[in-house]
Colleague: 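Got a structure here, written out as structure tokens. Questions coming.
Chain naming here is simple, since letters A, B, ... match the order of the sequence lines and numbering starts at 1 in each. For the numbers below, each heavy atom of this structure counts, side chains included, while hydrogens, waters and symmetry mates do not. Because the structure is a prediction, the values reported are computed rather than measured.
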Amino acid sequence: MEEHSIVESVLDNLPVAVFAKDATNDFRFILWNKKQEEVTTLRAEKALGKNDYDLFSQDSADYFRSVDKAVIKRGKLMKVPEEIIETKNGREVHLRTVKIPVLDKETGRLLVVGISEDITEHVKSLDQLARLNRHLVATNKELQDTQMQLIQAEKLESIGRLAAGVAHEVKNPLALLLLGVDYLSGGIEPNDENVATILKQMRDAVDRADRIVRGLVDFSSQRSLSREPTELSHIIDEVLLLVKHELTKSSVKVSVRIEKDLPLVYLDMSKFEQVLINLIINAVHAMSGTENRQIKIRARAEALETVIKNEGARKREVFRTGDRVVILEIIDNGCGIAPSDSNKVFDPFFTTKATGLGTGLGLSVARRIVELHGGQLSLVNRVKEQGAIARLILPTKLETGKVKTLTNPTKEIDTQPGDLSVSKGAETQPLY
Amino acid sequence: MARKILLIDDEAGFTVLLKMNLEKSGGYEVKIENDSTLAVSTALSFMPDAIILDVVMPGMDGGDVQAAMQNIPRLARIPVLMLTALVDSTELSEGAVAQAGKQMVLPKPVNLALLLRVLNEILGPEPEA
């Protein structure tokens, strides 16, 4: 008796759950220690003499029974790395169990003795670790994406710097060529029309090359903007006046809808006009194969829901979710953007236009200017209809009207691209 | 009497062609200086009515040359027209002449008609031969 109570007391003080079932008597429990009570939330009095089907769900009991039978059949220890039991209060307990077949020599009974370790906390930490790991992997991916964007942006910066140098070097020979053409133009043989044609074409070619080079300088110029509080409707009117000829020539209808009480935006008028002109002319060119050509210009204010990450953007996360912004869209019903081109449209010198029609700099210059304004420019296809949308997101002040009052002077300084005006080389600075 | 123009530009080919064009248009006597470090002495000996000055040059750049000439009273009063390939299209739209203070800047490639007009404005109408 004394020996028995010692064994019992040892069993009850073990940090593992210990149980034994009588395989010769329908696998009824004959041993149920304290830890087993704790793990299963079942008192020994309730469990002893019962089997798994009395205590657990059908599924669990089936499973336990199958393992028990296997243990008996194989006559050796079996490890169950993880099993889950659901306690009465609905809690899931994860157990690591070892089951051992034991022959009770005294009674001749065949027993299945089980020792279970509660690994619930361990499993939870593993889960949490896995979650953290997934999060880490996602963050890492995002970091890599950002890095790629930075590399892309840096590449564009390099092209810009290179461009300024190349532009200067190319302009000088162009200047020489043009003077040559000028000189010869004054002494054409009156009866040779070809000479006149050739000279005209040479002059046009020089002009074209010069335009490309100027575009390059625009692209690479890092001068600061002179921004003023501007009504978007005003600048749109001005621009429509400037491109009127182009629109009429191509029979393009324009509809403008600007939300009432749109906040003022801080713009460099002349630079921003260039952006809108570039975008509108692009839209017109894209609609050359369209029958009823139409450009819709829409502007509205909203609090930014998600921050778009621009590939190639120089300043990432210019905007934060919730920022009040003005969204200006130029929507055409043209040919849209081919999927294969969607990553390239903002690359300098990328163009789908015929030679001579576009330099491939319009969109890169436009994006550059918009970024200098602390904004974003994206170009996407329309979802339901044919055509593309050029979408500009521009930072704004919270209140409308009071332009002279800076609600947040610090922020105002931040949004001025003063840091960008520091020229890396004297080349792009005005000379006087 | 032909009006005297001094061309200071390190691009020899450009200066030769500009000289030809100006002389062909009539009424100009053009001298070329391709070495900017000699610009001041050439100006002193030639005493032009106007100077056409390139900006980016080895040795002394256009700014240096002009500063040096400003220190010599005889040269300081001569109008200087700067030519440069550095100005971009937003500063000088087609045919425009940038005028900051009294400094005139024309972009390269040069629009010859515009250059002749500007020279006329600087020098006044061509004297009767």
Colleague: Listed by residue number, which members of residues 14-23 of chain B have a heavy atom under 4.5 Å from any heavy atom of chain A?
Modeller: B:Phe14, B:Leu17, B:Leu18, B:Met20, B:Asn21
Colleague: Where do A:Lys171 and B:Lys108 come nearest, in terms of heavy atoms and distance?
Modeller: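 Result for this residue pair: CD-O, 3.4 Å.
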Colleague: So which of A:Asp207, A:Leu176, A:Leu178 has the largest heavy-atom pair count under 4.5 angstrom toward chain B?
Modeller: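 Looking at each option in turn, the highest pair count goes to A:Leu176.
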Colleague: Measure the shortest side-chain to side-chain distance between A:Leu179 and B:Leu112 over non-hydrogen atoms and say whether it is less than 4.5 angstrom.
Modeller: yes
Colleague: Can you tell me if B:Lys4 has over 12 outside heavy atoms packed within less than 6.0 Å of its NZ?
Modeller: yes
Colleague: Once rounded to the nearest 0.5 Å, what's the spacing between atom CG of B:Leu115 and atom CG of A:Asp182?
Modeller: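 Separation between the atoms: 10.0 Å.
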Colleague: Given that the side chain runs from C-beta out, which part of A:Leu174 has a heavy atom under 4.5 Å from chain B: side chain, backbone, both or neither?
Modeller: both
Colleague: Among A:Asn172, A:Val206, A:Val170, which has the most heavy-atom pairs under 4.5 Å with chain B?
Modeller: A:Asn172
